[in-house]
Amino acid sequence: MNLTKQSKLLFKPPPLLLLRRLSAEPNPPPPPLHQSPQDSESSIMTQALDLLLQTPQNEWNASPQLKHLLFSSSPTPRLLIQITRRFPSSSEALTFFNYIRSNLVSEESIPSLSYAFQAVFELASREPDSPEKLFDLYKACKDQNVPLSINSATLLIRFFGKVNMVDQSLLVYNELDPNIRNTHIRNVLIDVLLRDGRVRDALIVLDEMLDRESNFPPNDLTGDIVFYPLMKKEHVRSGVSDEEIVALVSKFGEHGVFPNTLWLSHLIARFCRNRKCDQAWDILHELMKLGAALEAASCNALLTGLGKDGDFKRMNQLLVEMKENDIEPDVVTFGILINRLCKSYKVDEALEVFEKMSGGKDSDGVSVEPDAIIYNTLIDGFCKVGRQEEGLGLMERMRLQKGCAPNVVTYNCLIDGFCKSGNIERGQELFDQMKEEGIMPNVITLNTLVDGMCRHGRISSAVEFFREMKSKGLQGNAVTYSTLINAFCNVNNIQEAMKWFDDMCGAGCSVDAIVYYVLISGLCQAGRMNDASLVVSNLKEAGFCPDLVCYNVLISGFCKKNMLDKAYEVLKEMDDIGMKPDSVTYNTLISYLSKSGNFSAAGRVMKKMIKEGLVPNVVTYGAIIHAYCLNGLVDEAMKIFKDMSSASKVAPNTVIYNILIDSLCKNNQVELALSLMDDMKVKGVRPNTNTYNAMFKGLREKNMLEKAFKLMDKMIEHACHPDYISMEILTEWLSAVGQTEKLKKFVQGYAVSVAPA
DNA sequence: ATAGGGTTAG
């Protein structure tokens with residue numbers, strides 16, 4: 001037999017992962033230094049192997065040469081494992097084991113025997129039918145009272161785990177001498193258990209390791225083995241709560257084992273998504289306290305969550321802590337800050353951050369180049385507050401920066417800015433410009449322009465533009481259609497709205513619930529409740545469910561059409577599916593009932609609302625006050641108004657004042673109305689155009705011209721713009737009394753109550 | 001990083 005060839009085969013390197021795990025535990029120690037060098041041991045090994053393979057097995061015992069080589073001085077574990085490993089099969093190796101077992105009887109040889117058996121396990125694990133063979137060998141080893149070497153135990157646990165014999169893995173572990181259950185073997189077992197989904201069993205083994213006085217503390221490998229599966233969805237559902245994960249991370253931390261950045265970032269992001277920012281905050285700070293080396297990514301995950309909660313205070317605190325702990329912010333960190341500032345309309349502060357990040361002039365020394373995302377965020381922020389020109393300026397700065405050219409998002413933001421401000425032409429110019437630059441418009445560009453045109457009364461241009469784009473291959477999506485449907489509903493063109501809905505269904509575009517909601521709302525607004533009900537059925541057939549707002553829309557629609565029974569049917573349906581009405585639902589009902597004069601029923605609904613834990617708010621009171629006014633009971637309305645602010649502590653708003661002022665004026669109580677206006681000033685409630693219009697009407701009835709002039713001045717002073725109603729009233733009144741000059745001044749924005757010099 | 005929506009009192 002060619003030995004060289006054989007040994008090459010047997011020493012085929014194991015897969016890398018296995019090697020890494022197995023190598024965590026040293027194999028038999030090399031010979032002590034004072035003994036013969038390795039050369040001599042390897043020469044003994046070669047000689048012994050030659051003899052063993054040449055001599056029939058039943059003659060081994062009769063070979064004095066063999067005995068001399070192997071047993072004259074007590075063989076080292078290392079020698080025995082190396083020899084045993086070189087047998088061509090596990091059964092031959094087992095025969096050899098039995099041979100040495102009968103020749104080594106002293107207590108001290110037990111480690112050697114353990115190692116020899118380890119080699120038998122190793123061979124058997126690479127042979128066919130190995131699971132059964134290994135388990136038989138395990139039993140044999142036990143019967144012979146040879147303790148498992150640590151590597152044997154590892155091999156068995158991992159092997160049984162791989163072939164779904166996890167119970168056998170556990171058996172091996174449980175029967176193992178507790179003193180040799182070290183970190184490594186526990187890692188292997190935990191890995192096997194987790195891979196089998198036995199999270200609870202794994203955590204029990206882990207718990208002993210995590211104990212403060214543990215003799216087998218977790219190492220980095222334990223962290224890798226435990227953390228990753230806990231992040232997977234199936235394990236999240238297998239009953240490990242977020243609280244447990246937090247506790248685990250911090251216990252690991254006490255042993256100096258920390259999750260890596262990517263894992264931690266995912267965990268924090270998940271917590272924040274699940275409205276558990278506090279826990280995310282705690283875990284990051286715990287790790288900081290334990291001295292973990294944190295990186296920007298993990299902090300960014302938390303900053304994102306805090307930003308969504310609008311928690312600027314803690315965002316700032318975290319930034320300070322990052323600096324204190326030398327965690328360098330990256331471009332994403334700045335992106336989050338700038339984005340949050342922009343979304344809160346604090347664009348000037350956003351710009352400051354932007355200038356600072358790349359400046360690096362100040363003591364901070366940070367210098368991070370902004371990328372296109374940062375620019376786009378900032379440009380969008382400026383456009384959202386109506387500062388499109390500055391947005392354009394930023395686009396020009398983008399062009400100057402290498403690798404940061406404007407893209408389709410940049411243009412979309414700017415087009416939206418100009419469109420929303422009513423400058424559709426400029427939006428279209430930018431649209432042409434982007435095409436010239438070779439930037440392809442996308443469906444968002446399309447929708448932005450369609451929406452802009454619709455909002456500014458150019459529905460037919462919007463339709464035309466959409467058709468043109470479609471002919472060029474740019475398909476619309478559900479957003480395009482909902483924009484058009486909404487626009488047609490708003491001009492009460494239900495027929496066109498329905499036509500576009502059908503178009504959408506025929507265009508094979510993927511439809512979402514919002515499109516249905518838009519149409520249902522439009523139909524309710526138009527009082528077409530049968531059609532609305534029909535679309536609700538369509539929505540359900542399409543696999544969607546009406547949401548609370550949709551139900552409220554329906555209830556409101558039925559109330560407006562005096563179909564109270566239908567409204568109650570909707571309420572019943574909500575109850576059936578377990579959807580709780582909100583204050584809007586109750587307010588809608590209270591408004592309807594009280595307007596129809598049924599104040600006692602309205603009162604009962606209000607009681608029910610309170611019983612359900614909802615608080616009557618300014619709208620609830622407004623509805624009742626309005627109803628009393630409509631029913632000619634202005635005194636009753638005033639009583640509710642006073643109760644509302646004193647007893648119920650609900651602060652009145654402009655709408656409530658407007659209702660009362662309007663009614664008082666219509667009721668010939670102009671003085672009382674004027675005193676309410678003073679009351680508004682005291683309470684800090686701003687009058688709006690409607691307030692003034694109601695007053696003007698009342699004053700005109702009494703021809704209280706001087707008062708009207710005073711109010712006109714107030715309007716100008718508070719930059720409250722007159723609308724066509726104001727102009728109608730004042731034009732009629734003032735021309736009738738020959739005061740058109742005053743009106744002219746008023747329109748030009750000059751004071752009118754003081755006589756011209 | 002960019003686009004659409006509906007509800008209650010005026």
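Letters go in sequence order (proteins before strands), and every chain restarts at 1. This one's a predicted model, so the numbers in the text were calculated from it and none came from an experiment.
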Salt-bridge test for A:D662 and A:K666: reply yes if a basic N is under 4.0 Å from a carboxylate O, no otherwise.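 A salt bridge links A:D662 with A:K666.
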Length of the line joining [X]:[atom1] and [N]:[atom2], which is rounded to integer Å:
X      : N     : atom1 : atom2 : result
A:F382 : B:dA1 : CZ    : P     : 18 Å
A:N587 : B:dT7 : CG    : P     : 15 Å
A:K560 : B:dA9 : NZ    : P     : 6 Å
A:L337 : B:dA1 : CG    : P     : 13 Å
A:Y657 : B:dA9 : OH    : C1'   : 15 Å

Under 4.0 Å from OP1 or OP2 of B:dG4: is there any side-chain N or O of A:K420 that close?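 Yes, such a contact exists.
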Look at A:S482 and B:dG5 and indicate whether a side-chain polar atom (N or O) is within less than 4.0 Å of OP1 or OP2.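 So the side chain of A:S482 is outside the cut-off, no N or O lying under 4.0 Å from OP1 or OP2 of B:dG5.
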Pair [X] and [Y], ring centroids less than 6.0 Å apart:
X      : Y      : answer
A:Y621 : A:F641 : no
A:Y411 : A:F431 : no
A:F354 : A:Y375 : yes

Any idea how A:F466 and A:Y481 line up, ring-wise: parallel (<30°), tilted (30 to 60°), or perpendicular (>60°)?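 Correct class here is perpendicular.
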With a 4.0 Å cut-off on heavy atoms, is A:V518 in touch with a base, just the backbone sugar-phosphate, or nothing at all?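 The answer is sugar-phosphate, as A:V518 gets under 4.0 Å only of primed atoms, P, OP1 or OP2.
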Regarding A:V553, tell me which of base, sugar-phosphate or nothing describes its non-hydrogen contacts under 4.0 Å with the strands shown.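 Since only primed, P, OP1 and OP2 atoms lie under 4.0 Å of A:V553, the category is sugar-phosphate.
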Look at the side chain of [X] and the base of [N], then say whether one donor and one acceptor between them are separated by less than 3.5 Å.
X      : N     : result
A:D512 : B:dG4 : yes
A:N658 : B:dA9 : no
A:N552 : B:dG6 : no
A:N442 : B:dA3 : no
A:S521 : B:dG6 : no

Sub-4.0 Å heavy-atom contacts from residues 597-617 of chain A onto DNA chain B, ordered by number: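 Contacting residues: none.
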Nearest to the side chain of A:A478 - B:dG4, B:dA9, B:dT2?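 Of all the options, the side chain of A:A478 is nearest to B:dG4.
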What nucleotide, of B:dT7, B:dT2, B:dG6, holds the atom closest to the side chain of A:Y517?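 The answer is B:dG6.
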Between A:N339 and A:T377, do the side chains contain a donor N or O and an acceptor N or O under 3.5 Å apart?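 Checked: A:T377/A:N339 side chains show no N/O donor-acceptor pair below 3.5 Å.
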Does the structure place the NZ or CZ of A:R387 under 6.0 Å from the centre of the six-membered ring of A:F382, at an angle of no more than 45° from the ring's axis?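 No, A:R387 does not lie over the aromatic ring of A:F382.
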